[in-house]
Protein chains: 2
Amino acid sequence: MEKYKNIGLKLTPQRLAILDFLEGNTSHPSAEEIFTAVSGRFPTMSFATVYNTLETLKGKGAVVELTGDPQKKRFDPNTAPHHHLICTRCRRIADVQVDYKIDLPRSSRMGFEITGNHIEFFGVCPACRKGGPEKTGSGAQTPGEENHED
Amino acid sequence: MEKYKNIGLKLTPQRLAILDFLEGNTSHPSAEEIFTAVSGRFPTMSFATVYNTLETLKGKGAVVELTGDPQKKRFDPNTAPHHHLICTRCRRIADVQVDYKIDLPRSSRMGFEITGNHIEFFGVCPACRKGGPEKTGSGAQTPGEENHED
DNA sequence: CAATTAGATTAGAATAATTATTAAGAGGTA
DNA sequence: TACCTCTTAATAATTATTCTAATCTAATTG
């Protein structure tokens, strides 16, 4: 827990609780999940605090916000460059630690200054493959992904 | 416009208007933008129809839903596999037609059945580079992307 | 210790985005 | 025409997120 001392912000109990919950968490939780988990210990915790804290931590580079789940923002305490594997049925997100070198040829940059990249792999997780979980039916569809929903 | 005949659904005026607006559109519009554009010709058009239609078209594989913009869903009529270049300041999304071969080693698949992938390149577009547009300040932060906001 | 101050927290309201419900309309078909 | 199915439209309902304003806390100063 000492590792947080140097991120340059006031470490209040609420923030520590959130950081503690995120610490080593690879489930890519949503604000709601964080709220639910932390409000156990802090019954007065509000969504505002969760969102405020996440926003602050994001600003400090202590967490990253993920898109990929079209329903809600998800957060990742792992700020090291890595990619994700997304279940299009239950929206589970797994980490991909494989290192890829993908550079965008200057001719395809449209004048953008490139700052990074991120690969989303789509698929169906083991649980969903065996007719499992399937929280919802409308995962993100992106180019390159087969549509398995109809 | 004849090309739509074989997507297997009733081509109502509203749907044609939406398809027509999307046809060749590379701006990756949101539901709201589509609504605004189309409601000019169809003053009675409602958001529900836009969402319903997009959902239907998505099911038929005629459009794909993009994540990448943390604020709202965006839609792409280009269903051919391609990647995207996202401006982290104004959220403009440009197409990347470069073809990459990225396969996920079996050992990293976590038991998922992989169905596709999608690369998000992050960057700052020409307009924003020269202190331009900058609709908003909080683009998605994902691993590998530098944080330019603080 | 009392007062000050900056920042953090809270509860709830407000907004935005999306989805669901339902009734009415349009077109086809027996 | 009566019946059926699909689509639309208006509205309501949900869900996710952000905002507001009052309150609190911790650190600092007098």
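Just so it is clear: chains get the letters A, B, ... in the order the sequence lines come, proteins before strands, and each one is counted from 1.
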In whole angstroms, how far is the [atom2] atom of [N] from the [atom1] atom of [X]?
X: A/Glu55; N: C/dG7; atom1: CD; atom2: C1'; answer: 16 Å
X: B/Gln71; N: C/dA17; atom1: CD; atom2: P; answer: 8 Å
X: A/Leu54; N: C/dT9; atom1: CG; atom2: C1'; answer: 15 Å
X: A/Leu19; N: C/dA8; atom1: CG; atom2: P; answer: 13 Å
X: B/Leu11; N: C/dG28; atom1: CG; atom2: P; answer: 13 Å
X: B/Asp69; N: D/dT17; atom1: CG; atom2: C1'; answer: 14 Å
X: A/Glu65; N: D/dT18; atom1: CD; atom2: C1'; answer: 13 Å

Residues that [X] engages under side-chain hydrogen bond (donor to acceptor under 3.5 Å, both in side chains), provided they are two or more places apart:
X: B/Thr56; answer: none
X: B/Arg74; answer: B/Asp69
X: A/Asn25; answer: A/Ser27

At less than 4.0 Å, is any side-chain N or O atom of A/Tyr51 found next to OP1 or OP2 of D/dT18? Yes or no.
no
May I ask you to verify if any side-chain N or O of B/Lys72 is less than 4.0 angstrom from the OP1 or OP2 atom of C/dT15?
no
Taken in chain and number order and not counting sequence neighbours, the residues that satisfy ring pair (Phe, Tyr, Trp, His ring centres under 6.0 Å) with A/Phe47 are A/Phe35
Using the 3.5 Å cut-off, write out each protein N or O paired with an N or O of nucleotides 3-11 of chain D and the distance between them.
unit_1 : atom_1 : unit_2  : atom_2 : d
D/dT7  : OP1    : B/Arg15 : NH1    : 2.6
D/dT7  : OP1    : B/Arg15 : NH2    : 3.2
D/dT7  : O5'    : B/Arg15 : NH2    : 3.4
D/dT8  : OP1    : B/Thr12 : OG1    : 2.1
D/dT8  : OP1    : B/Gln14 : OE1    : 3.4
D/dT8  : O3'    : B/Gln14 : NE2    : 3.3
D/dA9  : OP1    : B/Gln14 : NE2    : 3.4
D/dA9  : OP1    : B/Thr44 : OG1    : 2.6
D/dA9  : OP2    : B/Thr49 : OG1    : 3.3
D/dA10 : OP2    : B/Thr44 : O      : 3.2

Which pairs with one or both residues in residues 40-53 of chain B pass salt bridge (Lys or Arg N to Asp or Glu O under 4.0 Å), sequence neighbours excluded?
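Passing the test, one end in residues 40-53 of chain B: B/Asp20-B/Arg41.
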Does B/Thr49 offer a backbone N or O that forms a donor-acceptor pair with the side chain of B/Thr53 under 3.5 Å?
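Present.
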